[in-house]
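First comes the structure, then the notes that go with it.
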2 protein chains.
Amino acid sequence: MVEKLKEVGLKATPQRIAILRELDKKEHPTIDELYNNLKKTHPSISLATIYKNLNMLKDAGLAIEIIPPSANEKSKFDIYTEPHIHIMCKECGKVFDYYVKNAVDECNTILKEITKHNIENINVLGLITCEECRKKKKN
Amino acid sequence: MVEKLKEVGLKATPQRIAILRELDKKEHPTIDELYNNLKKTHPSISLATIYKNLNMLKDAGLAIEIIPPSANEKSKFDIYTEPHIHIMCKECGKVFDYYVKNAVDECNTILKEITKHNIENINVLGLITCEECRKKKKN
DNA sequence: GTCCATGCAAACGATTTGCATGCGT
DNA sequence: ACGCATGCAAATCGTTTGCATGGAC
C-alpha cells in the first residue's frame with residue numbers, strides 16, 4: 001500500500017495505508033462502516049480524514065465508489081486494481097465482484113453500436129436478490 | 001398524466017401533473033431546474049413538494065433518477081415509460097436517451113453469463129464527450 | 001525544516017419532517 | 001366530509017471547510 005501511494009504521489013500516512021488495507025478486504029464498506037472499522041486500530045481517526053482521503057484516492061485511481069441505484073442508499077467503496085463488474089443485492093445491498101476482463105468491453109461494444117457514440121466509459125451495476133435474502137423472503 | 005397517476009393510485013394534483021409534464025419534455029432536469037421551471041407556472045410550489053412527489057413517482061414507477069458516476073454531481077430525473085438506456089456527457093452532464101429495446105436485454109444476458117446470477121435489473125450509464133463539448137475543448 | 005495531512009468544530013447544502021391549511025375525490 | 005397533499009419552517013443528515021497542531025519526507 002505504501003508503494004501504491006507513492007506511485008501516485010501521495011504521502012504514505014498511517015491513515016491512508018489503513019484505509020487502503022480496509023478496502024483491500026473487499027467488503028465494500030460504506031463511509032461509516034469504514035470509519036467504525038478503522039477506529040478499532042486508529043482510535044483518533046476522524047471522519048473528515050476519511051472523506052478527504054477517499055476523494056484523493058478516487059482521483060488518484062486507487063479507489064472507486066459504488067453508487068447504488070436508489071441514491072438515498074449509501075455509496076460503498078472498493079479498492080481499484082483492474083476493471084471489474086459489480087453486482088449488488090437489491091434487498092441487503094451486498095456487493096459481489098466479478099473480475100471478468102472482457103465483460104466491460106462487451107457491454108461497451110453494445111452501447112457503441114446502439115448509440116453511435118464513442119463511449120469512453122461505462123458504469124454498470126447488476127441488481128440481484130442474493131441467496132440469503134431469497135431464503136429470508138420465503139419465510 | 002392524470003390517467004397515469006390514477007392508474008398507480010395517486011391523486012392527480014396540479015403539482016404532480018406539472019412535474020410529470022415537465023419530465024415528459026425529456027430535458028432530464030435536476031431537482032432545482034425542475035423547481036425553477038415549475039415556479040413559472042406554479043409560483044407557490046415548494047421544494048418539499050417536489051422532493052416528496054419525486055420519491056412517490058419513483059416508487060410508483062412513473063419516474064426514474066439518473067445518478068451520475070461522480071456522486072457529487074446532481075441527479076437528473078426522467079419520466080419512465082419503457083426501459084431505455086442513458087448516455088451522459090462527462091463534461092457538461094447532458095443526457096441522451098436511447099430507446100433500443102434489446103440493448104438492455106443484451107447487456108443483461110452478458111451479465112447473467114458472467115455472474116451466473118439471475119440479474120433482475122441493470123443500471124447502465126454510458127459516458128461520452130458530446131459534440132458541443134468536443135468543439136469547446138479544441139478551442 | 002518544509003509542506004502536506006490530521007483532527008476538531010463549525011459551516012454548508014441537500015433532503016426530510018412536522019404541522020396547520022387546502023384541495024381532490 | 002374525509003383523507004391525502006401542499007407549503008412553510010425547522011430539523012436532520014452527509015459532506016466540506018478552516019485552522020491550529022502533528023508528522024512524513
Side-chain angles (χ1 to χ4, degrees), chain A residues 1-22 29-60 62-63 65-77 93, chain B residues 1-22 29-60 62-63 65-77 93:
Chain A
M1 300 305 165
V2 178
E3 314 78 60
K4 283 194 175 193
L5 287 167
K6 298 209 168 160
E7 272 170 34
V8 297
L10 293 175
K11 281 189 186 174
T13 66
Q15 293 87 341
R16 273 175 198 161
I17 298 165
I19 290 171
L20 283 181
R21 288 236 174 84
E22 199 60 37
T30 59
I31 287 186
D32 35 286
E33 286 166 351
L34 201 46
Y35 179 50
N36 288 319
N37 290 339
L38 291 172
K39 266 199 295 194
K40 294 173 193 162
T41 48
H42 296 73
S44 74
I45 201 168
S46 103
L47 250 183
T49 299
I50 295 180
Y51 275 103
K52 286 173 194 167
N53 279 321
L54 279 177
N55 282 330
M56 302 181 87
L57 293 172
K58 275 199 293 173
D59 291 345
L62 296 184
E65 183 171 357
I66 306 165
I67 305 171
S70 317
N72 45 348
E73 294 168 51
K74 292 172 189 165
S75 286
K76 292 160 185 288
F77 291 85
Chain B
M1 299 305 165
V2 179
E3 313 79 60
K4 283 194 176 195
L5 287 167
K6 297 209 167 159
E7 272 170 34
V8 299
L10 292 175
K11 281 189 185 172
T13 65
Q15 293 85 342
R16 274 177 198 160
I17 299 166
I19 290 171
L20 283 181
R21 287 236 174 85
E22 199 60 38
T30 59
I31 287 186
D32 35 285
E33 285 165 354
L34 202 46
Y35 180 50
N36 288 319
N37 290 339
L38 291 173
K39 266 198 296 193
K40 293 172 194 162
T41 48
H42 296 72
S44 74
I45 201 168
S46 103
L47 251 183
T49 298
I50 295 181
Y51 275 103
K52 287 173 193 166
N53 280 322
L54 279 177
N55 282 331
M56 303 181 87
L57 293 172
K58 275 200 293 173
D59 291 346
L62 297 184
E65 183 172 357
I66 306 165
I67 307 170
S70 319
N72 46 345
E73 293 168 51
K74 293 172 188 165
S75 287
K76 292 160 185 291
F77 291 85

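To find a chain, count down the sequence lines: A is the first, B the second, and so on, and within it residues start at 1.
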Distance test, side-chain N/O of [X] to OP1/OP2 of [N], below 4.0 Å:
X     : N      : value
A:K6  : D:dA24 : no
B:S46 : D:dC8  : no
A:T13 : C:dT6  : yes
B:Q15 : C:dC23 : no
B:T49 : D:dG7  : yes

Indicate, with a heavy-atom threshold strictly under 4.0 Å, whether [X] touches base, sugar-phosphate, or nothing.
X     : result
A:N72 : nothing
B:L47 : nothing
A:D32 : nothing
A:K52 : base

ask   = Judged by modelled atom types alone, do A:S75 and A:E65 share a side-chain donor-acceptor pair under 3.5 Å?
value =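 Judged by distance alone, the side chains do pair up.
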query = Hey, does A:K11 have a side-chain heavy atom less than 4.5 Å from the side chain of A:L5?
reply =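 No, every pair of side-chain atoms sits at 4.5 Å or beyond.
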message = Quick check against the 3.5 Å criterion: does B:T13 have a side-chain atom that pairs as donor or acceptor with the backbone of B:R16?
response =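 Pair found, side chain donor or acceptor close to backbone of B:R16.
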